[in-house]
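For reference, the structure is listed below as structure tokens.
The shown structure was predicted, so the numbers you read here are calculated from the model rather than taken from an experiment.
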Amino acid sequence: MKLATLDDQTRDGRLHVVSRDLLRCAPAIAARTLQEALERWDEILGALVEEYEELNRGEGMPLDHGTAIAPLPRAWQWLDGSAYDSHGRLMRKAFGLPPVENERPLMYQGVSDHFFPPRGDVPFPSEDDGIDFEGEFGVLTDAVPMGCTVADARKHLRLVVLINDWSLRRIAPIEMKTGFGWIQAKPKSSMAPIAVTPDELGGCWRDARVALDIRVDWNALPFGRANGYPMSVGFDELVAHAAYSRDLVAGTVVGSGTVSNDNFREVGSSCIAERRAIEILDQGEPLTEFMKFGDRVRIEALLPNGISAFGAIDQAVARHPD
């Protein structure tokens with residue numbers, strides 16, 4: 001099943017079912033918003049699936065991707081992992097950071113009160129802050145009980161999404177040194193327009209991981225094509241980790257962290273910081289600058305049949321109005 005939220009001038013938008021080819025949609029009858037759907041998932045799933053199958057038989061109206069906002073425009077929690085060891089090793093080596101002496105999954109809690117729509121300008125205060133995109137996959141859960149096991153956590157992974165986790169690289173190391181975590185360095189994230197149930201990914205959903213290339217283009221030029229499968233821990237393990245000492249409410253968003261592969265010189269990177277780290281290792285200094293106002297990033301993942309799995313994030317960075 002594929003779902004989108006269209007702008008209806010309310011904070012949470014209007015939930016729609018979307019056809020498998022992403023060409024048509026219809027307002028969901030079983031739930032008005034995605035948050036409601038996640039809270040009542042077991043109760044309404046059958047009805048939603050019936051609506052989805054009816055749409056795929058040729059019903060519905062054309063889908064205007066320009067009217068789509070984030071599938072979950074605001075969430076109770078946004079928990080972002082760092083599940084790609086190749087990214088961590090590369091960054092530590094390039095910047096001379098000590099190894100992380102920790103076998104626990106890495107995760108931080110980010111701002112969740114609003115996710116940017118997949119299209120349009122994203123405002124930032126200054127180019128000097130080191131504006132960077134980060135392409136990653138994520139999952140949306142229903143209610144997860146405290147102490148949930150990894151095996152049980154897999155049952156709570158209801159939808160898969162595509163995320164651009166914006167970062168301000170100049171501020172990040174300053175805040176990390178305080179020991180209190182990120183505030184200014186991690187603005188709101190963006191989400192691609194379509195949320196999909198794992199079964200829609202077919203064989204590209206394996207071991208609670210998304211085995212698709214994340215296609216990142218910067219100013220219309222290819223930047224990265226890393227594959228999402230090589231996570232050190234799957235989404236089931238990330239959710240179980242987060243639920244160790246607390247319940248997770250329905251509508252929790254859990255991210256994979258920046259998608260990265262060991263063969264980064266062949267497939268590229270999903271963020272500028274990683275490319276700069278490669279340049280430090282290869283040439284002794286970073287050469288690629290961070291984003292400037294007017295720069296555009298496009299992030300997408302294609303299924304083996306060529307259809308976009310989640311639709312595209314296609315955004316430009318802009319100066320925040322004074």
Original post:
How many angstroms lie between NZ in K188 and CG in N164, if you round to the nearest 0.5 Å?
Top reply: 15.0 Å

Subject >> Co-membership, hydrophobic cluster, residues I278 and V267, 4.5 Å side-chain >> reply: no

Original post:
Between E53 and R20, is any pair of side-chain heavy atoms under 4.5 Å apart?
Top reply: yes

Subject >> Same cluster (ILVMFWY, side-chain, under 4.5 Å), V249 and L38 >> reply: no

Original post:
Under 3.5 Å, is there a donor-acceptor pair between the side chain of S86 and the main chain of S260?
Top reply: yes

Subject >> Heavy-atom check, side chain of R24 versus side chain of V18, under 4.5 Å >> reply: no

Original post:
Under the salt bridge (charged side-chain N to carboxylate O under 4.0 Å, His left out) test, which residues partner E54, sequence neighbours left out?
Top reply: none

**OP:** Verify salt bridge (charged side-chain N to carboxylate O under 4.0 Å, His left out) between R74 and D113, making sure each step is shown before the conclusion.
**Re:** CA-CA 5 Å; R74 52 178 175 161; D113 58 357; over 6 Å; no

Original post:
Is a donor on one side and an acceptor on the other found under 3.5 Å between the side chain of H16 and the backbone of R14?
Top reply: yes

Subject >> No-hydrogen, no-angle side-chain donor-acceptor test under 3.5 Å, Q315 and S190 >> reply: yes

**OP:** Pick out which of V139, V259, L201 makes a side-chain contact (heavy atoms from CB on, under 4.5 Å) with V210.
**Re:** L201

**OP:** Work out which heavy atom in A312 is nearest to a heavy atom in P193; give both atom names and the distance.
**Re:** O-CD, 3.6 Å

**OP:** Kindly compute the distance separating CZ (R154) from NE2 (H156), expressed to the nearest 0.5 Å.
**Re:** 13.0 Å

Original post:
Pick from R215, R119, R296: which one makes a salt bridge (charged side-chain N to carboxylate O under 4.0 Å, His left out) with D314?
Top reply: R296

Subject >> Under-4.0 Å salt bridge between R89 and D262 >> reply: yes

Original post:
In Å, rounded to the nearest 0.5 Å, how long is the span from CZ of F290 to SG of C271?
Top reply: 8.5 Å

Subject >> Salt bridge present between D8 and R32 (N-O < 4.0 angstrom) >> reply: yes

**OP:** Look at the side chain of N56 and the backbone N and O of Y52, then say whether any donor-acceptor pair between them is shorter than 3.5 Å.
**Re:** yes

**OP:** Might you work through the salt bridge (charged side-chain N to carboxylate O under 4.0 Å, His left out) test for R158 and D142, ending with a clear yes or no?
**Re:** CA-CA 7 Å; R158 296 308 191 182; D142 61 6; 2.8 Å; yes

Original post:
Is the count of non-hydrogen atoms from other residues, nucleotides or ligands lying under 6.0 Å from E289 atom CD greater than 12?
Top reply: no

Original post:
For the side chain of S167 and the backbone of D132, is there at least one donor-acceptor N/O pair under 3.5 Å apart?
Top reply: no

Original post:
Taking side chain as C-beta onward, heavy atoms only, is Y229 less than 4.5 Å from R206?
Top reply: yes

**OP:** Have a look at L79 and tell me which of L238, L248, V253 forms a side-chain contact (heavy atoms from CB on, under 4.5 Å) with it.
**Re:** L248

**OP:** First locate atom CG of L212, then atom CD of E300, and finally report the distance between them rounded to the nearest 0.5 Å.
**Re:** 11.0 Å

Original post:
Does the gap between the ring centers of W166 and F116 come in under 6.0 Å?
Top reply: no

**OP:** Examine distances only and state if a side-chain atom of E274 and a backbone atom of H87 form a donor-acceptor pair shorter than 3.5 Å.
**Re:** no

Original post:
With no hydrogens and no angle check, is any side-chain donor or acceptor of E36 less than 3.5 Å from a backbone partner on L15?
Top reply: no

Original post:
Quick one: does V196's side chain get under 4.5 Å of L159's, heavy atoms only?
Top reply: no

**OP:** Evaluate the side chain to side chain contact (heavy atoms under 4.5 Å, CB included) criterion for residues T252 and V144: first the C-alpha distance (whole Å), next the side-chain angles of each, then the deciding distance (0.1 Å), finally the verdict.
**Re:** CA-CA 9 Å; T252 295; V144 182; over 6 Å; no

Subject >> Heavy-atom closest contact (I194 atom, A4 atom, distance) >> reply: CD1-CB, 3.8 Å

Original post:
Do T197 side-chain atoms and M1 backbone N/O form a donor-acceptor pair below 3.5 Å?
Top reply: yes

Subject >> CD-CD distance between Q184 and E175, expressed to the nearest 0.5 angstrom >> reply: 5.5 Å

Original post:
Between G135 and I299, what is the shortest heavy-atom contact and its length?
Top reply: CA-CD1, 4.1 Å

Original post:
Taking C-beta and beyond as the side chain, do L162 and I214 meet within less than 4.5 Å on heavy atoms?
Top reply: yes

Subject >> Closest heavy-atom pair and its distance - L48, A28 >> reply: CD2-CB, 4.1 Å

Original post:
Side-chain donor-acceptor pair under 3.5 Å between T10 and D12, yes or no?
Top reply: no

Subject >> Separation between CZ of F293 and CG of D121, rounded to the nearest 0.5 Å >> reply: 11.0 Å

Original post:
When clusters are formed by joining ILVMFWY residues with side-chain heavy atoms under 4.5 Å apart, either directly or through shared neighbours, do L6 and I313 land in the same one?
Top reply: yes

Original post:
Can the ring centroids of Y108 and W182 be said to lie less than 6.0 angstrom from one another?
Top reply: yes

Original post:
Given D165 and W78, is the side chain to side chain contact (heavy atoms under 4.5 Å, CB included) satisfied, shown in steps?
Top reply: CA-CA 11 Å; D165 178 35; W78 159 227; 4.1 Å; yes

Subject >> M191 side chain near P118 side chain, heavy-atom distance below 4.5 Å >> reply: no

**OP:** Give a yes or no on whether a salt bridge exists between E134 and K186, defined as a side-chain N under 4.0 angstrom from a carboxylate O.
**Re:** yes

Original post:
Any side-chain donor paired with an acceptor under 3.5 Å for N261 and Y84?
Top reply: no

Subject >> Beyond-backbone contact of Q109 with Q77, side-chain heavy atoms, under 4.5 angstrom >> reply: yes

**OP:** Quick one: do K292 and D295 satisfy salt bridge (charged side-chain N to carboxylate O under 4.0 Å, His left out)? Show the steps, please.
**Re:** CA-CA 6 Å; K292 304 297 183 183; D295 281 4; over 6 Å; no

Subject >> Polar side-chain atom of E136 near backbone of G257 as donor-acceptor pair, under 3.5 Å >> reply: yes

**OP:** Report yes or no: is the cationic atom of R209 (NZ for Lys, CZ for Arg) under 6.0 Å from the centre of the six-membered ring of F235, at an angle within 45° of the ring normal?
**Re:** no

**OP:** For the pair I131 and V122, evaluate side chain to side chain contact (heavy atoms under 4.5 Å, CB included) and give the outcome as yes or no after the intermediate values.
**Re:** CA-CA 11 Å; I131 303 168; V122 178; over 6 Å; no

Original post:
If you look at every heavy atom in A153 and C148, which pair is closest and at what distance?
Top reply: N-SG, 3.3 Å

**OP:** Using the rule that two of Ile, Leu, Val, Met, Phe, Trp, Tyr join whenever any of their side-chain heavy atoms come within less than 4.5 Å, decide whether I272 and I163 are in one cluster.
**Re:** no

List the atom pairs, with distances to 0.1 Å, where a side-chain N or O of residues 64-72 and a protein N or O form a donor-acceptor pair under 3.5 Å, not counting sequence neighbours.
residue	atom	partner	partner atom	Å
D64	OD1	G66	N	2.9
H65	NE2	L22	O	3.2
T67	OG1	D64	O	2.8

Original post:
Side chains of Q35 and W76: closer than 4.5 Å at any heavy-atom pair?
Top reply: yes

Original post:
Does the ring centre of F223 sit less than 6.0 Å away from the ring centre of F133?
Top reply: yes

**OP:** Please answer: with hydrophobic residues joined when any side-chain heavy atoms are less than 4.5 Å apart, are M231 and M107 in the same cluster?
**Re:** yes

**OP:** State whether the number of non-hydrogen atoms from other residues, nucleotides or ligands found under 6.0 Å of L287 atom CG is greater than 12.
**Re:** yes

